[in-house]
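Here is the structure we will look at, set down as structure tokens.
Numbers restart at 1 for each chain; the letters A, B, ... are given by sequence-line order, proteins then strands.
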Number of protein chains: 2
Amino acid sequence: MATTSLHASPEHPAGPRRRDAAGTRQLLLDAARRRFAAHGYTGTTVRDIADEAGVNVALISRYFTSKEGLFEACLVGAVDELSHAVAPDVTLDGVPSAIAEHLAGTGVGSRPDQFLLLLRSSGDEQADRIRRNTVHSFAERLATAAGWRPGHPDGDRIMLRAQVALATGFGIVLLRSSTGLEPLSSAGPQDLLPPMRDLIDALLREPGPR
Amino acid sequence: MATTSLHASPEHPAGPRRRDAAGTRQLLLDAARRRFAAHGYTGTTVRDIADEAGVNVALISRYFTSKEGLFEACLVGAVDELSHAVAPDVTLDGVPSAIAEHLAGTGVGSRPDQFLLLLRSSGDEQADRIRRNTVHSFAERLATAAGWRPGHPDGDRIMLRAQVALATGFGIVLLRSSTGLEPLSSAGPQDLLPPMRDLIDALLREPGPR
DNA sequence: GCATGTTGTAAACATCTGCTGACTTGGTGA
DNA sequence: TCACCAAGTCAGCAGATGTTTACAACATGC
């Protein structure tokens with residue numbers, strides 16, 4: 001545990017750099033993402049993060065100004081994650097599989113628990129604004145796939161349904177990580193796909209007002 | 001604000017009792033429920049709770065042993081809330097309206113944000129067990145309404161779908177309270193009902209395996 | 001009145017938390 | 001070689017946090 005206090009991967013074939021600002025910055029970011037996602041903002045201490053990263057506490061202030069600064073940096077990572085989860089120009093047919101794969105964590109670099117950062121408030125106004133904007137724009141992306149356009153006659157109705165679908169996604173991630181609810185927690189993308197397909201179809205694919 | 005530091009409702013026609021153990025206990029419980037639901041366990045301090053209840057901090061330890069004890073007491077309230085949200089013998093037809101009404105907070109004594117307590121971990125093992133059991137049993141209730149029985153041939157498939165539906169409920173409450181996402185946040189039960197009906201139908205009302 | 005148990009108050013405690021400042025260590029260019 | 005600066009360490013501060021302890025105010029039974 002205390003054998004290599006500096007870097008997680010001590011063996012580095014060509015250049016085992018010991019003093020690497022970008023490297024330790026990344027170590028801190030990774031550790032913080034895990035901690036914040038698992039325990040929330042107030043439930044995570046800077047010493048927790050530093051220990052998990054194997055890095056001195058003071059470096060958090062150096063590289064990210066403050067705990068809030070570090071949280072914001074984590075947040076943009078989560079924003080990126082969500083952006084890549086479903087492409088901006090996705091069609092309604094592609095939505096269920098994209099969601100199923102990213103929720104199950106089998107996407108290429110997908111880390112589903114990062115979505116939780118978007119739900120964990122830090123109390124910081126700036127961070128909260130990022131969270132809100134991200135969730136909002138993603139809901140619009142989903143609604144757009146369902147035919148929504150700004151100023152659409154019953155745009156509110158479609159948007160509401162898109163947001164309900166989005167809520168399902170967040171709820172699944174939350175239930176999986178928060179409670180070990182089975183069979184949901186260990187469901188793979190192939191398990192999640194059928195219900196998600198039915199759900200998206202029912203919510204977003206109806207021709208006109210009922 | 002500091003006019004009546006003792007009880008929330010100063011005017012009490014017959015007997016404005018000042019020394020009322022059960023009363024102050026309840027004041028603490030109510031304040032704690034609000035605080036814990038809004039800011040999570042670690043984000044809430046005992047002094048916050050005591051101040052909001054207009055009660056001395058030390059009484060938390062007296063009446064609930066510890067902060068964790070108070071959280072557990074809040075949790076059983078949330079369990080009760082969830083139990084009353086949907087009756088144990090509900091039929092599949094009654095589920096959507098029950099959910100819509102309780103999510104929108106228009107039920108008789110329904111406080112939807114209390115559901116959040118079931119998602120906010122305190123790190124306490126006992127409390128976490130309560131949370132898990134409650135969510136699990138509620139998922140079973142939902143699955144039962146969809147025809148699930150213990151040992152059912154493809155019970156896992158039905159249960160998974162029930163849990164996805166449950167996830168939607170939690171996700172909606174979370175999005176409403178965490179982000180001010182519109183139109184979801186200000187949607188009333190009449191707005192929520194149609195999508196919930198479609199969702200429940202699609203997830204839980206299919207005759208056989210596809 | 002007065003002893004007794006209950007309810008509420010105030011202050012302090014030990015620890016934790018975020019952050020800072022002075023310092024050491026290591027690499028690099030002149 | 002050595003000055004210089006970036007990277008990392010260490011100890012500590014000031015405030016917050018959960019909890020406890022000693023005490024005061026109130027009600028009730030005798």
Side-chain angles (χ1 to χ4, degrees), chain A residues 2-10 12 14-29 31-32 35-36 39-74 122-124 126-127, chain B residues 2 4-8 10 12 14-29 31-32 35-36 39-74 122-124 126-127:
Chain A
T3 52
T4 67
S5 66
L6 220 91
H7 281 167
S9 60
H12 218 270
R17 300 185 297 175
R18 271 98 66 95
R19 289 161 65 98
D20 175 8
T24 52
R25 216 189 104 104
Q26 193 59 44
L27 284 177
L28 282 173
L29 256 181
R35 284 274 168 183
F36 282 142
H39 306 109
Y41 182 79
T42 48
T44 301
T45 73
V46 291
R47 286 174 175 84
D48 285 342
I49 298 171
D51 285 355
E52 184 162 327
V55 153
N56 194 284
V57 202
L59 296 181
I60 289 180
S61 300
R62 192 199 289 286
Y63 291 133
F64 301 95
T65 308
S66 65
K67 185 189 180 185
E68 279 188 356
L70 176 53
F71 183 76
E72 280 182 33
C74 292
S122 72
D124 178 37
Q126 167 88 5
Chain B
T4 67
S5 67
L6 220 92
H7 281 168
H12 216 268
R17 300 185 297 174
R18 271 100 65 94
R19 290 163 59 96
D20 176 7
T24 51
R25 216 190 104 104
Q26 193 60 44
L27 284 176
L28 282 173
L29 256 181
R35 284 275 168 183
F36 282 140
H39 305 110
Y41 181 79
T42 48
T44 301
T45 74
V46 290
R47 285 174 176 84
D48 285 341
I49 299 171
D51 285 355
E52 183 162 327
V55 153
N56 192 285
V57 203
L59 297 181
I60 290 180
S61 300
R62 192 199 289 285
Y63 291 135
F64 300 95
T65 309
S66 65
K67 184 188 180 187
E68 279 188 356
L70 175 54
F71 183 75
E72 280 182 34
C74 292
S122 72
D124 178 36
Q126 167 88 3

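In the set dT19(D), dT9(D), dC19(C), the nucleotide with an atom closest to the side chain of R47(A) is dC19(C). Distance from the side chain of R19(A) is smallest to dT25(C) among dC19(C), dT25(C), dT19(D). Distance from the side chain of R62(B) is smallest to dG8(C) among dG18(C), dT20(D), dG8(C). Among the nucleotides dG18(D), dA6(D), dT7(C), the one closest to any side-chain atom of A21(B) is dT7(C). Ranking dT9(C), dG8(D), dT7(C) by closeness to the N56(B) side chain, first place goes to dT9(C). Distance from the side chain of K67(A) is smallest to dG18(C) among dT19(D), dT20(C), dG18(C). Checking dT19(D), dA7(D), dG8(C) against every side-chain atom of Y63(B), the shortest atom distance belongs to dG8(C).
Remark: P of dG18(D) and CG of L28(B) are 14 Å apart, rounded to the nearest angstrom. Protein atom CG of D20(B) is 16 Å distant from nucleotide atom P of dC26(D), rounded to whole Å. To the nearest angstrom, C1' of dG18(D) lies 10 Å from CD1 of I60(B). The CD1 atom of I49(A) sits 8 Å away from the P atom of dG18(C) (whole-angstrom rounding). What separates CG of D48(A) from P of dT15(C) is a distance of 18 Å, to the nearest Å. Summarising the geometry, the separation between CG on L59(A) and P on dA6(D) is reported as 15 Å, rounded to the nearest angstrom. F71(A) places its CZ atom 16 Å from the C1' atom of dG18(C), with the value rounded to the nearest Å. To the nearest angstrom, P of dA10(C) lies 12 Å from CG of D51(B).
One finds a side-chain N or O of T24(B) lying less than 4.0 angstrom from the OP1 or OP2 phosphate oxygen of dG8(C).
Heavy atoms of T44(B) sit under 4.0 angstrom from primed sugar atoms or phosphate atoms, though from no base atom. Looking at heavy-atom distances under 4.0 Å, V57(A) makes no contact with the nucleic acid at all.
Residues Y41(A) and E68(A) come closest through the heavy atom pair OH-CG, 3.0 Å. Residues A50(B) and L28(B) approach most closely at CA-CD2, 4.3 Å, considering heavy atoms.
A residue-by-residue look at A58(B) and T45(B) shows that T45(B) has its nearest nucleotide of DNA chain D further toward the 5' end.
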Assess the residue pair V55(A) and I60(A) against the criterion (side-chain contact (heavy atoms from CB on, under 4.5 Å)); give the C-alpha distance rounded to whole Å, side-chain angles, the decisive distance to 0.1 Å, and a yes or no.
CA-CA 9 Å; V55(A) 153; I60(A) 289 180; over 6 Å; no
Take E72(A) and D124(A), measure what side-chain contact (heavy atoms from CB on, under 4.5 Å) needs, and give me the verdict at the end.
CA-CA 9 Å; E72(A) 280 182 33; D124(A) 178 37; 2.7 Å; yes
Does F36(A) form a side-chain contact (heavy atoms from CB on, under 4.5 Å) with I49(A)? I'd like the steps, not just the answer.
CA-CA 9 Å; F36(A) 282 142; I49(A) 298 171; 3.9 Å; yes
